[in-house]
2 protein chains.
Amino acid sequence: MRKQRHEVYRNCPVEAALDIVGGKWKAILLFHILEGTKRFNELGRLLPGLTQRMLTTQLREMEADGVIARTVYPQVPPKVEYSITPFGRTLEPLLRELALWADAHVKPRLGEP
Amino acid sequence: MRKQRHEVYRNCPVEAALDIVGGKWKAILLFHILEGTKRFNELGRLLPGLTQRMLTTQLREMEADGVIARTVYPQVPPKVEYSITPFGRTLEPLLRELALWADAHVKPRLGEP
DNA sequence: CAGAATCCCATCTGATACTG
DNA sequence: CAGTATCAGATGGGATTCTG
């Protein structure tokens, strides 16, 4: 689903949107970050089953897409915070629609992790 | 992104939603089918660059997900029509939100194919 | 017309181990 | 704490050829 950053735009805009939200963990990560700034391991704890490697790459891609911001506090031990950007905020209606649909039509099995 | 039909539900519902809409061509195919029943090659003509193989697999998956219906007319030459199901219709608000966001925020490059 | 069958490679993801 | 590095397996998507 992810391509070289500009192949994305060569196709239709809808595809670019899915590219931003469609990653394996991106939507769920965004839900959490939309609620408030989160630290790296905090996100990790929220998503059991998500490896550090995946967490890193998904966050990095979203940062590159400009939907989240990464703030490093130069201290020991290190502290890094991830927050939503104004651009990321524009995804809120879409994400809400996504959650609405999911809750209404997929629910049968489990609640949100 | 696609897994064994029940691994999907083991995770969160949002993931299942993305699984239905997130395929490379699914969203765009759904937009077209939502507008009205379409034949196989008709869809193919609407999406230049989409191979028959991809068209087939994406349609089959969406059929399995219950969002579209496949109707075969037993005649020569064959005629197969794809239409939206009531369940598929429930995706309309989400798809609309998707298109809205995409048009508003990705537009810079190209119009919809 | 509407596909099925193969082949094949580029990613994506996951598991594991190591580090400033 | 917040990553990086490496490796291996699974998946996705495309090209091509064949057919009822």
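Computed from heavy atoms alone, side chains included, the values below leave out hydrogens, waters and symmetry copies. Proteins come first, then strands; the chains are lettered A, B, ... in the order of their sequence lines, and each starts at number 1.
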Which pairs would a plain distance check flag for residues 94-101 of chain B, meaning a side-chain donor or acceptor within less than 3.5 Å of a matching protein atom at least two apart in sequence or in another chain?
unit_1   : atom_1 : unit_2  : atom_2 : d
B:Trp101 : NE1    : A:Thr90 : O      : 3.4
B:Trp101 : NE1    : A:Thr90 : OG1    : 3.0

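- Remark: B:Tyr82 is in phosphate contact with C:dG3, judged by side-chain N or O atoms under 4.0 Å from OP1 or OP2.
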Only pairs under 3.5 Å count here: list side-chain donor-acceptor contacts from residues 68-78 of chain A, not counting sequence neighbours, and write none if there are none.
unit_1  : atom_1 : unit_2  : atom_2 : d
A:Arg70 : NE     : A:Tyr82 : OH     : 3.3
A:Tyr73 : OH     : A:Glu81 : OE1    : 3.0

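- Listed pair A:Gln58 / C:dT13 meets the phosphate criterion, a side-chain N or O lying under 4.0 Å from OP1 or OP2.
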List, with names and distances, any nitrogen or oxygen atoms from the protein found under 3.5 Å away from nitrogen or oxygen atoms belonging to nucleotides 15-20 of chain C.
unit_1 : atom_1 : unit_2  : atom_2 : d
C:dA15 : N6     : A:Arg53 : NE     : 3.4

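- When all heavy atoms are compared, the tightest approach of B:Thr85 to B:Gly66 is OG1-O, 2.6 Å.
- A:Lys26 and A:Val21 make their closest contact through CB-O, 3.8 Å (heavy atoms, listed as atom of the first residue, atom of the second, distance).
- Taking every heavy atom of both residues into account, A:Ala16 and B:Val106 meet most closely at CB-CG1, 3.6 Å.
- OP1 and OP2 of C:dA2 both lie 4.0 Å or more from every side-chain N or O belonging to B:Arg60.
- Straight-line distance from the CZ atom of A:Arg45 to the C1' atom of D:dA2: 12 Å, rounded to whole Å.
- Set against C:dA2, C:dG3, C:dT13, the side chain of A:Lys24 has C:dT13 as its closest nucleotide.
- Taking atom CG of B:Leu59 as the reference point, atom P of C:dG3 lies 8 Å away to the nearest angstrom.
- Nucleic acid contact for A:Thr56: base, since at least one base atom lies under 4.0 Å from a heavy atom of the residue.
- With sequence neighbours excluded, no residue satisfies side chain to side chain donor-acceptor pair (under 3.5 Å) with B:Arg45.
- One N or O on the side chain of A:Lys38 and one on the backbone of A:Gly36 form a donor-acceptor pair closer than 3.5 Å.
- Just one residue in the list B:Leu55, B:Val67, B:Leu46, B:Leu34 forms a side chain to side chain contact (heavy atoms under 4.5 Å, CB included) with B:Leu29, and that residue is B:Leu55.
- Residue B:Trp25 places at least one side-chain N or O under 4.0 Å from the OP1 or OP2 atom of D:dG14.
- An angle of 60°, rounded to 10°, separates the two end axes of the helix from C:dC1-D:dG20 to C:dG20-D:dC1, each defined over five pairs.
- Of the candidate nucleotides D:dC1, C:dT13, D:dG13, D:dC1 has the atom lying nearest to any side-chain atom of A:Pro77.
- Counting only heavy atoms from C-beta on, B:Arg39 has its side chain closest to C:dC1 among C:dC1, D:dG3, D:dA2.
- A:Glu92 meets the side chain to side chain donor-acceptor pair (under 3.5 Å) test with A:Arg89; sequence neighbours excluded.
- The side chain of B:Asn41 lies closest to C:dA2 when the candidates are C:dA2, C:dG3, D:dG14.
- The CG atom of A:Asp19 sits 13 Å away from the P atom of C:dT11 (whole-angstrom rounding).
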